Protein chains: 2
Amino acid sequence: MNKPVSTKKTAGLGQKRNRDVNTKRILTAAEQCFAQLGFKGATMQAIADLSGIPKANLHYYFSSKEVLYRKVIEDVCEHWLAAAHFFDETDDPAEALAGYIGAKMDQARNRPNGSKVWAMEMLSGAPVIDGYLQGALKPWLDQRTRKIEHWISQGKMDAIDPRTLFYMIWATTQHYADFSQQIYVLNDNKALSDGQFEQAKQQVSQIILVGVGLGGETFDD
Amino acid sequence: MNKPVSTKKTAGLGQKRNRDVNTKRILTAAEQCFAQLGFKGATMQAIADLSGIPKANLHYYFSSKEVLYRKVIEDVCEHWLAAAHFFDETDDPAEALAGYIGAKMDQARNRPNGSKVWAMEMLSGAPVIDGYLQGALKPWLDQRTRKIEHWISQGKMDAIDPRTLFYMIWATTQHYADFSQQIYVLNDNKALSDGQFEQAKQQVSQIILVGVGLGGETFDD
DNA sequence: GTCTATAACCGGATAGAC
DNA sequence: GTCTATCCGGTTATAGAC
């Protein structure tokens, strides 16, 4: 749909930059295609059309469809971790959880396709992402689980199972990206407005915080 | 993988029954294949192998891959509604929500592939399921939204947004089916045991009920 | 580095014997 | 009703001109 940044050889200085730009365009288009259609369903032709880069050039930048897919997944993983650190910015459980939930909600809103690719991968049994789950996500979760257990032992929050809590946070926040079509229909065939989304964000935070015994001053209105 | 119920013509009485059995086997295999691989990724050959029925016979029972897929989706929709009525079995908000959450959790555990096909459809933008969302799910949600608002006006529960609550319930319960691979890895590469699952069920109920101001006696242990 | 044309392959669907 | 063999369209990937 879009025009490629430069056709034919512009040989010389701006070339590496050109390569980066094209690579980025391809990755963005691929993320969208894979998100909606799955690995098999997305075609190189569709990715080419969407990115505005000829199909054969995709194979110039990425040796195969699978290599392209793995690169998309890698980016999504990095993106996941980007929100993860919000949990550690404070030692107050209410602040940590509210900050983390807010960050995950914003991610779902701002980069829904990343969330969808992740979901697709999980549905497929995580063939590509598996190593990342073991090597990065599991250690992250184990550590935060201990942090929550510590807060519980200090009487700062209710004695809930930390894993259930995290699964709930992940599921709920990612739902706003992954099931956006369902939300769209249930919202009278209208996308959530910024106001509606902000309200949802506040509500999700409120219900979860209150649910784990942190029902303090977490609302805005 | 499995052997077909009967090869060659057994002509006569048991035939219609035979047809039903084969149809059922195909649908079960198809549900699994579509859940893991998406519409395009699942091949008629794979469905044939898994059901133990020759590929050509699939086309005898279902005229095309799309017809087969639509039938799978229909079954999944019926299944969705099957849990929906648990919400209406009582006028007590805590009982209604706990019963509904429990039913949805059990569904996720007992028929994960149904949940995955649903999720896949949503990620793809719900091309097939759209009419059902408009015609059945939206009315259902609108009605239950009013019920919750009624309870809120009676002071029986906190003034939360009913939609956010339902999205949270759907997302969290379905997470146990859709993201089972992630849960598997995070649970030390072991599937959740029955005990772990029951605990998760209780925890989800507890956090949500407490979260909306229904923190009474909802636990077992 | 880029693009057009094509090779090689695979999957859905059908024809036609039994 | 069931199964084997086959056709045809579509997809990935590459060869080779520019």
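Reminder, nothing fancy here: chain letters follow the sequence lines and each chain counts from 1. None of the values given here were measured: they were computed from a predicted structure.
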Just to be sure I understand the rule, does Phe62(A) reach a base, reach only the sugar-phosphate, or reach nothing, if contact means heavy atoms closer than 4.0 Å? nothing
Across the strands shown, which category fits Ala46(B) at heavy-atom distances under 4.0 angstrom: base, sugar-phosphate, nothing?
-> nothing
Figure out the [atom1]/[atom2] separation between [X] and [N], and round it to whole Å.
X        : N       : atom1 : atom2 : value
Glu66(A) : dA13(D) : CD    : C1'   : 14 Å
Gln45(A) : dT14(D) : CD    : P     : 16 Å
Lys40(A) : dG11(C) : NZ    : C1'   : 7 Å
Asn57(B) : dA5(D)  : CG    : P     : 15 Å
Met44(A) : dA7(C)  : CE    : P     : 20 Å
Phe39(A) : dT11(D) : CZ    : C1'   : 12 Å
Tyr69(A) : dT12(D) : OH    : P     : 15 Å
Leu58(B) : dT2(D)  : CG    : P     : 12 Å

*Determine yes or no for a side-chain-to-main-chain donor-acceptor pair under 3.5 angstrom, with Ser115(A) supplying the side chain and Pro112(A) the backbone.*
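Such a contact is absent between Ser115(A) side chain and Pro112(A) backbone.
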- Item | Heavy-atom donor-acceptor pair, Lys40(B) side chain to Thr43(A) backbone, under 3.5 Å |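 No, Lys40(B) side chain to Thr43(A) backbone: no donor-acceptor pair under 3.5 Å.
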Closest to the [X] side chain, choosing from [options]:
X        : options                   : result
Tyr60(A) : dT2(C), dG11(C), dT14(C)  : dT2(C)
His59(A) : dC3(D), dT2(D), dT14(D)   : dT14(D)
Lys65(A) : dG11(C), dA13(D), dA13(C) : dA13(D)
Lys55(B) : dG12(C), dT12(D), dC3(C)  : dG12(C)
Asn22(B) : dC3(D), dT14(D), dT2(D)   : dT2(D)
Thr43(A) : dT14(D), dG12(C), dT11(D) : dT11(D)

Between the OG1 atom in Thr173(B) and the CD1 atom in Ile101(B), the distance rounded to the nearest 0.5 Å is 8.0 Å
Next item on the list: Verify whether one side chain among Asp161(A) and Gln199(B) offers a donor that lies under 3.5 Å from an acceptor in the other.
Entry: no
**Request:** Using only heavy-atom distances, determine whether the side chains of Gln174(B) and Lys104(B) contain a donor-acceptor pair under 3.5 Å.
**Result:**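 There is such a pair between these side chains.
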